[in-house]
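Here's the structure, in structure tokens; my notes come after.
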Amino acid sequence: MSKVKLNLIAAACENMGIGTNGTLPWRLKKEMAYFTTMTTQVSDPTKVNAVIMGRRTWDCIPDKYRPLDNRINIVMTHNVDSVKENVPEGVIVVPGLDEAISYIEKRPDIEATWVIGGSSIYKAAMTHENCGKIYLTEIQKSFDCDTFFPNIDKQQFHLVDEEKIPSEKQVEGDISYYFRVYKRL
Ligand SMILES: NC(=O)c1ccc[n+]([C@@H]2O[C@H](COP(=O)([O-])OP(=O)(O)OC[C@H]3O[C@@H](n4cnc5c(N)ncnc54)[C@H](OP(=O)(O)O)[C@@H]3O)[C@@H](O)[C@H]2O)c1
């Protein structure tokens with residue numbers, strides 16, 4: 001097995017929804033900042049992290065925020081050639097998760113790998129032998145969604161405490177949520 005560990009990061013509401021109409025169902029500034037910090041921070045300052053996403057998630061990111069800065073952006077699609085033509089230089093376009101992992105293996109300057117959605121990409125990563133942890137923000141409210149986080153197999157993934165992750169309830173406006181971490185046994 002390759003050494004590349006896949007960390008998933010997502011925010012889901014009570015009904016496990018993660019998106020609607022190609023966007024996020026909520027606006028949570030601090031939650032977004034958590035996503036940015038988690039996916040960007042490195043312990044070795046000479047390295048960077050990689051983010052792997054599906055083509056629709058790439059499409060969802062407003063132009064001014066993409067590629068996500070200070071991270072290697074990897075986009076998965078079945079249409080590599082046409083997507084390549086439409087993304088800025090430096091964005092890596094791959095036909096599958098294994099190709100993303102092979103690319104990362106050849107880049108010793110990549111420290112951590114974050115899988116940032118959407119649904120099918122999370123599912124592929126969760127069932128992949130290289131899957132490590134799931135960083136899931138659990139929003140204590142239901143939203144109308146058309147895109148969902150896949151079922152977490154609680155036989156395989158256990159809730160763990162992570163030192164640097166706040167365990168207390170987070171509140172933004174009238175929405176509260178918890179930062180949870182699940183680790184595969
Ligand atoms: N709350 C959160 O944490 C969070 C995170 C991410 C996204 N979202 C939301 O989720 C929605 C987008 O997610 P989504 O699930 O609809 O789409 P997605 O997973 O981002 O993208 C789906 C696309 O990825 C490509 N793809 C999927 N599986 C593949 C595979 N095995 N090999 C190669 N390519 C593959 C295909 O692209 P082609 O069609 O080009 O072949 C497919 O159409 C949006 O509403 C977004 O806001 C929420």
Side-chain angles (χ1 to χ4, degrees), residues 4 6-40 49-68 71-88 91-104 113-131 133-152 157 165 170 172-173 175-182:
V4 175
L6 304 172
N7 295 310
L8 282 65
I9 186 161
C13 61
E14 266 174 3
N15 46 340
M16 292 310 274
I18 59 166
T20 184
N21 283 321
T23 172
L24 295 178
W26 46 78
R27 180 170 285 275
L28 295 169
K29 265 182 99 173
K30 283 193 271 175
E31 206 288 320
M32 196 59 95
Y34 172 78
F35 167 83
T36 303
T37 303
M38 293 301 289
T39 56
T40 309
N49 293 333
V51 287
I52 302 176
M53 71 196 93
R55 195 262 312 155
R56 283 209 289 268
T57 293
W58 167 265
D59 286 344
C60 292
I61 305 172
D63 265 342
K64 59 175 175 176
Y65 295 123
R66 70 184 195 199
L68 296 178
R71 287 152 283 183
I72 307 293
N73 287 226
I74 304 176
V75 179
M76 278 173 57
T77 176
H78 298 104
N79 306 299
V80 171
D81 292 339
S82 64
V83 172
K84 255 187 193 162
E85 282 172 20
N86 291 301
V87 296
V91 174
I92 310 304
V93 182
V94 293
L97 201 48
D98 287 325
E99 288 82 356
I101 292 171
S102 304
Y103 174 82
I104 292 162
T113 300
W114 291 92
V115 174
I116 64 165
S119 283
S120 54
I121 312 298
Y122 286 136
K123 188 160 191 189
M126 255 163 82
T127 50
H128 198 281
E129 58 174 355
N130 290 34
C131 183
K133 291 176 185 168
I134 302 172
Y135 291 77
L136 185 66
T137 300
E138 297 181 354
I139 298 171
Q140 310 292 295
K141 191 174 172 178
S142 275
F143 290 84
D144 273 336
C145 290
D146 57 24
T147 313
F148 296 86
F149 195 82
N151 179 49
I152 299 176
F157 288 94
I165 310 290
Q170 308 292 307
E172 274 195 81
I175 301 176
S176 53
Y177 55 85
Y178 291 90
F179 297 127
R180 305 276 201 220
V181 185
Y182 293 91

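Order of listing sets the numbers, starting from 1, for every ligand and every atom in it. Values in this document were obtained by computation on a predicted structure and should not be read as measured data.
- Counted within 6.0 Å of NZ on Lys84, heavy atoms from surrounding residues, nucleotides or ligands total 12 or fewer; the atom is thus considered open.
- Residue pairs meeting the side chain to side chain donor-acceptor pair (under 3.5 Å) criterion with at least one partner in residues 115-127, sequence neighbours excluded, are absent.
- By the 6.0 Å contact criterion, CE on Met32 is open, its count of non-hydrogen atoms from other residues, nucleotides or ligands being 12 or less.
- Cys145 meets the side chain to side chain contact (heavy atoms under 4.5 Å, CB included) test with Cys13, Pro25, Phe143, Phe148; sequence neighbours excluded.
- In terms of the side chain to side chain contact (heavy atoms under 4.5 Å, CB included) criterion, residue partners of Glu14 (sequence neighbours excluded) are, by chain and number, Gln140, Ser142.
- The protein residues lying under 4.0 angstrom from ligand 1, judged by non-hydrogen atoms, are Ala10, Ala11, Ile18, Gly19, Thr20, Gly22, Thr23, Leu24, Trp26, Gly54, Arg55, Arg56, Thr57, Cys60, Met76, Thr77, His78, Asn79, Pro95, Gly96, Ile116, Gly117, Gly118, Ser119, Ser120, Ile121, Tyr122, Thr147.
- With respect to the salt-bridge test (charged N to carboxylate O, under 4.0 angstrom), the residues Glu172 and Lys30 do not qualify.
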